2 protein chains.
Amino acid sequence: MEALLNILKKNQLSVTESRKKILELFLNSEGALAHADIEKSTDGSYDRVTVYRTLQTFVEKGIIHNIPTTDNSILYALCKDNCEAGHHHDNHVHFICDVCDKTICLEHVSIPEVKLPKGFTQKQTDVVVSGICDACK
Amino acid sequence: MEALLNILKKNQLSVTESRKKILELFLNSEGALAHADIEKSTDGSYDRVTVYRTLQTFVEKGIIHNIPTTDNSILYALCKDNCEAGHHHDNHVHFICDVCDKTICLEHVSIPEVKLPKGFTQKQTDVVVSGICDACK
DNA sequence: GGGACATTTGCAACATTATTGCAAATTTCC
DNA sequence: GGAAATTTGCAATAATGTTGCAAATGTCCC
Ligand SMILES: [Mn+2]
Ligand SMILES: [Mn+2]
Ligand SMILES: [Zn+2]
Ligand SMILES: [Zn+2]
């Protein structure tokens, strides 16, 4: 409970019901969450618009980061690295389980080097691995 | 023109106007295309639903593959490797240019090894790099 | 704690994107 | 060319995302 407040205050965000609740969901979830997951978990307590805006704010502040997917949705996960407002530096691989469908941040698997052809400049690299997770094995 | 027909026939697809046109777009495009791009390029010649279904069919047959994005859209690109129905094995890195916004298949940059923790099984790995492409440099 | 001020929320309206069933049109195959 | 199979377009519906604005909530200072 204290952790929640610390995170919000550290990021100069006013402490509101929805922000507390949504941030709590992330803290208690082992995997990544989509907008739809949050709507389900909160069961309509907050307006859809509020959820969109909260997620956007959290991303801007560097509290959560997003994970690319191939199915027209965006997944969000807590930044456990020290991300700052406007500048994420999550440097880990993401894993999507084909069985349980969870998306997990592999904090300890870092993004490998990628050698680009001449003329290309690299700013960010996302690595998403899919397969079977250790729980579903 | 012959290439078009070959691809469709090889995949046991009947040759229709929309399939020819959409496949042609991919053959002539250096980058990846989104559903919206196709709608624009065909300027309403085909129903939105037809485009959805065509893309889905092409993916199932292994004619195109999709590229994960972080903005609620799916990008599609020609499979230049030998993908078969139900089994893609595109093994290359994708590059998204922050300037021209094009997505390019880097056919010659192969996916690096990723060491997963114990218990995890790897089926597919997507690597998406963003930055500045050689044309925009 | 109370009140002024700044911020956030919810609602409503609207826009965009995606899915489904079904009849009409097209394609294939003989 | 014609029967059978496949594909398409339309319409209806669902799901997802955006914006402006007034009401509600949170912050800060006394
Ligand atoms: Mn992560
Ligand atoms: Mn590709
Ligand atoms: Zn799993
Ligand atoms: Zn470019």
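By convention in this document, chain letters (A, B, ...) are assigned in the order of the sequence lines, proteins followed by strands, and residues within each chain are numbered from 1. The basis for the numbers below is simple: all heavy atoms, side chains too, and nothing from hydrogens, waters or symmetry mates. Bear in mind that the values here come from a model prediction, so they are computed numbers and not experimental data.
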**Request:** Check Cys133(A) against Ile104(A) and note the closest heavy-atom contact, atom names and distance.
**Result:** CB-CD1, 4.2 Å
**Message:** According to side-chain contact (heavy atoms from CB on, under 4.5 Å), who are the partners of Ser110(B), at least two apart in sequence or on a separate chain?
**Reply:** none
**Request:** Round to a whole Å and report the spacing from CG of Asn66(B) to P of dA18(C).
**Result:** 13 Å
**Request:** Sorted by first residue and then second, give each ring-ring contact (aromatic ring centres under 6.0 Å, His included) pair with at least one member in residues 111-137 of chain B; sequence neighbours left out.
**Result:** Phe95(A)-Phe120(B)
**Interface residues of residues 42-50 of chain A with DNA chain D (non-hydrogen, below 4.0 angstrom)** = Arg48(A), Val49(A)
**Request:** Using atom CZ of Arg53(B) as one end and atom C1' of dA18(C) as the other, report the distance to the nearest whole Å.
**Result:** 12 Å
**Request:** Rounded off to whole Å, could you give me the CG-to-C1' distance for the Asp71(A) and dT17(C) pair?
**Result:** 14 Å
**Prompt:** Quick one: does Arg19(B)'s side chain have a donor or acceptor within less than 3.5 Å of a partner on Ser14(B)'s backbone?
**Reply:** yes
**Degree of bending, the helix from dG1(C)-dC30(D) to dC30(C)-dG1(D) (end axes from five pairs; round to 10°)** = 40°
**Request:** Classify the nucleic acid contact of Ser73(A) as base, sugar-phosphate or nothing, counting any heavy atom under 4.0 Å across all strands shown.
**Result:** nothing
**Fill in**
Looking only at dC11(C), dA18(C), dT27(C), the nucleotide nearest the Glu17(B) side chain is dT27(C)
**Asked** Hey, is the main chain of Val49(B) close enough, under 3.5 Å, to the side chain of Asp47(B) for a donor-acceptor pair?
**Response** yes
**Prompt:** Is any side-chain heavy atom of Thr70(A) closer than 4.5 Å to a side-chain heavy atom of Ile67(B)?
**Reply:** no
**Pairing residues for Ser41(B) by the side-chain contact (heavy atoms from CB on, under 4.5 Å) criterion, not counting sequence neighbours** = Leu25(B)
**Prompt:** Just by distance, do the side chain of Asp37(A) and the backbone of Leu33(A) share a donor-acceptor pair under 3.5 Å?
**Reply:** no
**Side chain Thr42(B), main chain Tyr46(B), donor-acceptor under 3.5 Å** = no
**Asked** So where does chain B start and stop touching DNA chain D, 5' to 3', when the test is distance under 4.0 Å to a non-hydrogen atom?
**Response** dT6(D) to dG17(D)
**Complete:** When rounded to whole Å, the CD to C1' distance for the pair Gln12(A) and dA6(C) reads 15 Å
**Asked** Does the gap between the ring centers of Tyr76(B) and His65(B) come in under 6.0 Å?
**Response** no
**Asked** Between the main-chain N or O of Gly31(A) and the side-chain N or O of Lys102(A), is there a donor-acceptor pair closer than 3.5 Å?
**Response** no
**Complete:** To the nearest angstrom, the CG-P distance between Leu55(B) and dT17(C) comes to 14 Å
**Asked** Can a side chain N or O of Asn72(A) be found less than 4.0 Å away from OP1 or OP2 on dA18(C)?
**Response** yes
